[in-house]
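Report on the structure given below.
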2 protein chains.
Amino acid sequence: MTAEKTVTGCAECAGLQTTEWGALAKSELEAIDKCRRVITREPGEILFSQGEKGNGVYCIKSGLIGLRRVDINGNSVLIRLVSAGFTVGYRTFLTGQAHINSAETLTSSTLCYVPRPMVEQLLKANPLLGERFLQHFYNDTIDTENDYVRSLTMGMKSRFLHLILVFYERFGYQDENGNAVVDLPVKKGEIAELVGVRPESISRLIDQLQNDEVLRIKDRRVEFTDVDRVLQQAGATV
Amino acid sequence: MTAEKTVTGCAECAGLQTTEWGALAKSELEAIDKCRRVITREPGEILFSQGEKGNGVYCIKSGLIGLRRVDINGNSVLIRLVSAGFTVGYRTFLTGQAHINSAETLTSSTLCYVPRPMVEQLLKANPLLGERFLQHFYNDTIDTENDYVRSLTMGMKSRFLHLILVFYERFGYQDENGNAVVDLPVKKGEIAELVGVRPESISRLIDQLQNDEVLRIKDRRVEFTDVDRVLQQAGATV
DNA sequence: CACACTCCTTGATCTATGTCATATTGGCAT
DNA sequence: ATGCCAATATGACATAGATCAAGGAGTGTG
């Protein structure tokens, strides 16, 4: 007998409670298990595109997904990042409208795809699920509003540092010397997109932050020399 | 017998269909009629504040309401405008969270206030109402996302012209000479807040737009000399 | 090993917008 | 009318970021 790859059920998934599926009963999770597809994607692949009628929901097991909006002039902006333990594409279930953003993998990712009919059936059977979707939507909206306010009131430095802090919250750890560090999960160019500036500007900003000894950055490794300092500068207007 | 002021019922209100109440039955509207309070507010008055536990829903009969967010540094931004035929304060009913924005009257306004227990009762009795709230929330979110993208990709000129076009859609008309005009419903300083720039910058921008003969602006009266030109410049990146 | 490619950096310069200080204008109260 | 106040405008200057052009640096491929 050859070894068989064990497929973890939704009930055992580490991300279960942070996703909407946390609201479901064991039997409902098993129903998902039967029809979901586990898929892996390399950086740069598209999950769905702006304008498409929604299909199912993607649940991120590992990796990082970016939601992108392209405007009339072809300007493309990364609006939001979604990491493990969260779903993508759920918005089309709230009002039935088509996707307004595109979703793409930013790093190699493993996702579970839950087909639309399954989601619809669960939504009908269990009102708690709809509440969770709504709560997710609400949280996302607040995040966007916060980003919007930041984009209007704060300069590049604050917005950049805020983003770094978000990364630190999600992916940060202590290195061998006990320093707080985080490895940036995306390219500098993508960071520029998220901050809403040009890559050159991020490059120069990083220089400046190193000179001011706020951060130490080498390739994708960010080391916090003084977390309070970062927090303070991230909040400051300039 | 003295003349008595006629109070219009919700069923006869011009804004009924654009508000969430459009989903309700006649008897439900009459229930609202019995408990709602008609209130008038002068410019600058506060309907509710950031952090407050939500009370009821305000339904705008006439006037203009601004939703404002104040960040940690005291930077205050007008996030959104709400005009007649729309409700304000509904978000606290979706997830039970406190208000995240403040609402203030920007012009003299007449509103109907529907107390929280009434709204809750209706939500329980009629699922269509909840759907309408959700749809409203969805639309607002999309608007915010659009504003966010604009703030990242477009300059002050485009954002200003976009705002003017929004005003034109809602309040525009033809003057005696057949010109397309709109009277700005808010102060220039508030326009600056909405665009996310300083009042001085708006002042100078208006000068420039007049010189370039894109618009004619005198006090609060905006006259479109060439609508296509405005549309084009509003979309353009710079 | 050389080539091509993508990502990032650097330098020089340009432009949009912010800042600050000082008018101007148009109500509105005395 | 007079004076006061809020809103807006103007001028001079400072700064943040964009733009354009060039140059590494790392990585995969023939």
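Residue numbers begin at 1 in each chain, while the letters A, B, ... track the order of the sequences. Because only heavy atoms are used, hydrogens play no part in the values below, and waters and symmetry mates are left out as well, while side chains stay in. It should be emphasised that the depicted structure is a prediction, and the values quoted were computed from it without experimental measurement.
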(message) With hydrogens left out and only the distance checked, is there a donor-acceptor pair under 3.5 Å joining B:E200's side chain and the base of C:dC20?
(response) yes
(message) For a 4.5 angstrom cut-off between non-hydrogen side-chain atoms, does B:F48 reach B:Y58?
(response) yes
(message) From CZ of B:R220 over to C1' of D:dA6, roughly how many Å is that when rounded to an integer?
(response) 12 Å
(message) Distance check needed: C:dT17 C1' versus B:M154 CE, whole Å only.
(response) 17 Å
(message) From NZ of A:K187 over to P of C:dT9, roughly how many Å is that when rounded to an integer?
(response) 14 Å
(request) In whole angstrom, give the distance that lies between atom NZ of A:K188 and atom P of C:dC7. (result) 13 Å
(request) Could you state the atom-to-atom distance from CG of B:D207 to P of C:dA16 in whole Å? (result) 15 Å
(message) With heavy-atom distances below 4.5 Å as the criterion, would you say the side chains of B:I206 and B:K188 are in contact?
(response) yes
(message) Determine whether a donor-acceptor pair (one donor, one acceptor, N or O, separation below 3.5 Å) exists between the side chain of B:R204 and the base of D:dG11.
(response) yes
(request) For A:L205 and D:dG17, give me the distance from atom CG to atom P, rounded to whole Å. (result) 8 Å
(request) Indicate yes or no: at least one non-hydrogen side-chain atom of B:D143 is less than 4.5 angstrom from one of B:R80. (result) yes
(message) If you define the side chain from C-beta out and look only at heavy atoms, does anything of B:F171 sit under 4.5 Å from B:S83?
(response) yes
(request) Would you kindly give the CD1-to-P distance between B:I202 and D:dA7, to the nearest whole Å? (result) 16 Å
(request) Nearest whole angstrom, please: distance from the C1' of D:dG17 to the CG of B:L152. (result) 14 Å
(request) From the options C:dT17, D:dG17, C:dT9, select the nucleotide whose nearest atom is closest to the side chain of A:S203. (result) C:dT9
